[in-house]
Trainee: 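Next up is a structure, given as structure tokens.
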Amino acid sequence: MISFTCDYIEGAHPLILQRLMETNLDQEPGYGEDRFCASAKARIREAIGCPGADVFFLVGGTQTNATVIDAVLRPGEGVLAAATGHIAVHEAGAVETAGHKVLPLAQQEGKFSAQSLAVWLESFYADASWEHMVAPGMVYLSFPTEYGTLYSKAELMTIKAVCVKYGLPLFLDGARLGYGLASPSCDLGLKDLAQICDVFYIGGTKVGALCGEAVVFPAGNAPKGFLTTIKRHGALLAKGRLLGVQFDALFTDNLYMQLAKNAIDRALELKELFISKSIPFYLDSPTNQQFPILTAGQIQALQGSVNFEVWEKLPDDRYVTRFATSWATTPEKVAALGQLLDF
């Protein structure tokens, strides 16, 4: 059985496991006060070109989104996000649990535009009774999106301009950030994101780590008491060194981007494979998530030999499926899938 179900079905890269073993018996303070976290933070600050950035390590993506949003928003405020955004669909109401509403925006292939954001905000404040409604307090987007698509630098800058006009911080969910930055279609780097976003995070869970995300406030603008908010959300590890060691390894010798590039290389091979079999796509994704359209018969033929996700049934009884590559996907696994696609 081979699997393209998602990008975190493997454990961790061997270099990370090696560093965890090498440092296993070192005695260090808890809650991220250890030397490994300090080193990892320094490496991240260097990578983003912001020596004064605030950096925090949290355990996972859902906890990170809920924690950042709760820390930034005031009571009675909500967060604007694409209707397909992760916080709006696949986080079980984690944001709402803290008392903040997710305000959905019209989207196209997982992305919302600066224009749609501006129209929503103009309409909201045109209502004379807006003070009786949940007010927007933040703008959230995923990079890559849940459909594997990317915002260009120009798109992010126009979105940022709308945010500035309305005094809204821009928060970028980077659970799969490496897979976006490594795509040949991406015209952004970490330093660009640090200049555009008020807060973003670098995903480790999906890009080679056992677990963990690195939250970055580039301007050193973390909300007061942010560490306390992390703990209240159950996102603070007592053995914070576990995250520090991993991110220190990921940001040594460009390992993070090397791992991300492997996923992109394999995804491009996957895309060419489907094209060679005359299998159409739901959309054109330039990242590690690919969305081929399969018939019920094709899906049945693959079951038992390969794992993947079925996302949506189309009106013509075909199905949108998702095949995801990761930092650990090998060319041999892609080739094995190719043998199975000879329907």
Side-chain angles (χ1 to χ4, degrees), residues 3 6-51 53-64 67 173-182 189-191 193-194 200-218 227 230-231 234-266 288 324-331 333:
S3 180
C6 65
D7 37 26
Y8 51 97
I9 53 177
E10 294 92 1
H13 189 272
L15 285 176
I16 289 177
L17 296 177
Q18 178 183 332
R19 286 294 293 147
L20 288 169
M21 286 296 296
E22 291 172 348
T23 60
N24 188 47
L25 295 180
D26 292 0
Q27 295 181 324
E28 291 288 333
Y31 301 108
E33 297 298 322
D34 58 276
R35 63 186 173 92
F36 309 117
C37 285
S39 177
K41 290 178 182 181
R43 293 185 190 278
I44 289 173
R45 291 183 181 116
E46 181 179 5
I48 67 173
C50 297
D54 291 327
V55 182
F56 301 86
F57 299 115
L58 282 71
V59 295
T62 297
Q63 297 95 326
T64 297
T67 300
D173 176 337
R176 292 185 171 94
L177 183 59
Y179 300 141
L181 297 177
L190 277 171
K191 292 181 179 179
L193 294 179
F200 66 95
Y201 72 92
I202 302 167
T205 302
K206 291 182 170 75
V207 193
L210 282 171
C211 60
E213 326 296 320
V215 174
V216 180
F217 292 88
L227 187 69
I230 296 174
K231 189 160 190 174
L236 182 67
L237 277 181
K239 294 183 180 180
R241 61 188 289 159
L242 172 64
L243 304 179
V245 169
Q246 293 185 85
F247 274 93
D248 196 41
L250 287 172
F251 277 81
T252 297
D253 298 329
N254 206 35
L255 178 62
Y256 186 72
M257 292 307 300
Q258 290 176 27
L259 298 184
K261 185 178 184 302
N262 178 75
I264 297 303
D265 289 346
R266 302 291 81 78
N288 73 309
T325 59
S326 80
W327 59 274
T329 304
T330 63
K333 290 179 181 178

Trainee: Could you check if a side-chain atom of D173 sits within less than 4.5 angstrom of a side-chain atom of Y201, using non-hydrogen atoms only?
Mentor: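 SC-SC contact between D173 and Y201 confirmed.
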Trainee: Could you tell me whether the side chain of L20 reaches within less than 4.5 Å of the side chain of L210, counting heavy atoms only?
Mentor: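 Heavy-atom side-chain distance check passes, below 4.5 Å.
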Trainee: What is the distance from atom CD of E33 to atom CG of L227, rounded to the nearest 0.5 Å?
Mentor: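 One gets 7.5 Å once the value is rounded to the nearest 0.5 Å.
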Trainee: Looking at CH2 of W327 and NE2 of H13, how far apart are the two atoms once the value is rounded to the nearest 0.5 Å?
Mentor: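 Reported to 0.5 Å precision, the distance equals 6.5 Å.
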Trainee: For Q246 and C211, which heavy atoms make the closest approach, and how far apart are they?
Mentor: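 Where Q246 meets C211 most closely, the heavy atoms are NE2-O, 3.3 Å.
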Trainee: State which residues pass side-chain hydrogen bond (donor to acceptor under 3.5 Å, both in side chains) with E22; sequence neighbours excluded, sorted by chain then number.
Mentor: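 For E22, the residues satisfying side-chain hydrogen bond (donor to acceptor under 3.5 Å, both in side chains) (neighbours in sequence not counted) are Q18, R19.
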Trainee: Working to the nearest 0.5 Å, report the span between CE of M257 and OH of Y179.
Mentor: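 These two atoms lie 11.0 Å from each other.
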Trainee: What I want to find out is whether D26 reaches R241 closely enough, with some N-O distance under 4.0 Å, to be called a salt bridge.
Mentor: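 Salt bridge flag = no for R241 with D26.
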Trainee: So which heavy atom on T330 is nearest to which on R266, and how close?
Mentor: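 Between these two residues, the closest heavy atoms are C-CD, 3.6 Å.
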Trainee: Less than 4.5 Å apart, side chain to side chain, heavy atoms only: is that true for L181 and L193?
Mentor: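 Heavy-atom side-chain distance check passes, below 4.5 Å.
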Trainee: Would you say OH of Y8 has more than 12 non-hydrogen atoms from neighbouring residues, nucleotides or ligands within 6.0 angstrom?
Mentor: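 No, OH of Y8 has 12 or fewer neighbouring heavy atoms, counting only those of other groups under 6.0 Å.
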Trainee: For the residue pair G32 and C37, what are the closest heavy atoms and their distance?
Mentor: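 Looking at all heavy atoms of both residues, the closest pair is O-CB, 3.5 Å.
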Trainee: What pairs of residues pass the ring-ring contact (aromatic ring centres under 6.0 Å, His included) test when at least one of them lies in residues 234-253, not counting sequence neighbours?
Mentor: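 For residues 234-253, and leaving out neighbouring residues, the ring-ring contact (aromatic ring centres under 6.0 Å, His included) pairs sorted by first residue read F57-F247, F251-Y256.
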Trainee: Using a 4.5 Å cut-off on heavy atoms from C-beta on, say whether the side chain of L190 contacts that of F200.
Mentor: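 In contact.
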Trainee: To check you understand the geometry: which heavy-atom pair defines the closest contact between G208 and I16, and what is its length?
Mentor: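 Scanning both residues, the minimum pair turns out to be O-CD1, 3.2 Å.
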Trainee: Counting only heavy atoms not in E46, do more than 12 fall under 6.0 Å of its CD?
Mentor: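 Not more than 12 within 6.0 Å, no.
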Trainee: Working to the nearest 0.5 Å, report the span between CG of D7 and CG of N288.
Mentor: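 Rounded to the nearest 0.5 Å, the CG-CG separation comes out at 5.0 Å.
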Trainee: So, the side chain of Q63 versus the backbone of G234: is there a donor-acceptor pair under 3.5 Å, distance only?
Mentor: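 No, the answer is negative, given that no donor and acceptor are paired below the 3.5 Å cut-off.
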Trainee: If you round to the nearest 0.5 Å, how far is CG of L15 from CG of L250?
Mentor: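 Result: 9.5 Å between the selected atoms.
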Trainee: How far apart are the closest heavy atoms of V207 and G178, and which atoms are they?
Mentor: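 Shortest heavy-atom separation between V207 and G178 comes out as CG2-N, 4.5 Å.
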Trainee: Quick one: pull up CG in L58 and OG1 in T67 and give me the separation to the nearest 0.5 Å.
Mentor: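 L58 CG to T67 OG1: 5.5 Å, rounded to 0.5 Å.
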Trainee: Determine the minimum heavy-atom distance between I44 and A214, stating which atoms define it.
Mentor: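 Scanning both residues, the minimum pair turns out to be CD1-CB, 3.8 Å.
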Trainee: Could you walk me through whether K206 and C6 pass the side chain to side chain contact (heavy atoms under 4.5 Å, CB included) test, one step at a time?
Mentor: CA-CA 9 Å; K206 291 182 170 75; C6 65; over 6 Å; no
Trainee: Please enumerate all residues that pass side-chain hydrogen bond (donor to acceptor under 3.5 Å, both in side chains) together with S3, with sequence neighbours excluded.
Mentor: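 With sequence neighbours excluded, S3 shows a side-chain hydrogen bond (donor to acceptor under 3.5 Å, both in side chains) to T5, given in chain and number order.
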Trainee: Under 3.5 Å, side chain of T252 to main-chain N/O of D248, donor-acceptor pair present?
Mentor: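 Looks like yes, one N/O pair under 3.5 Å.
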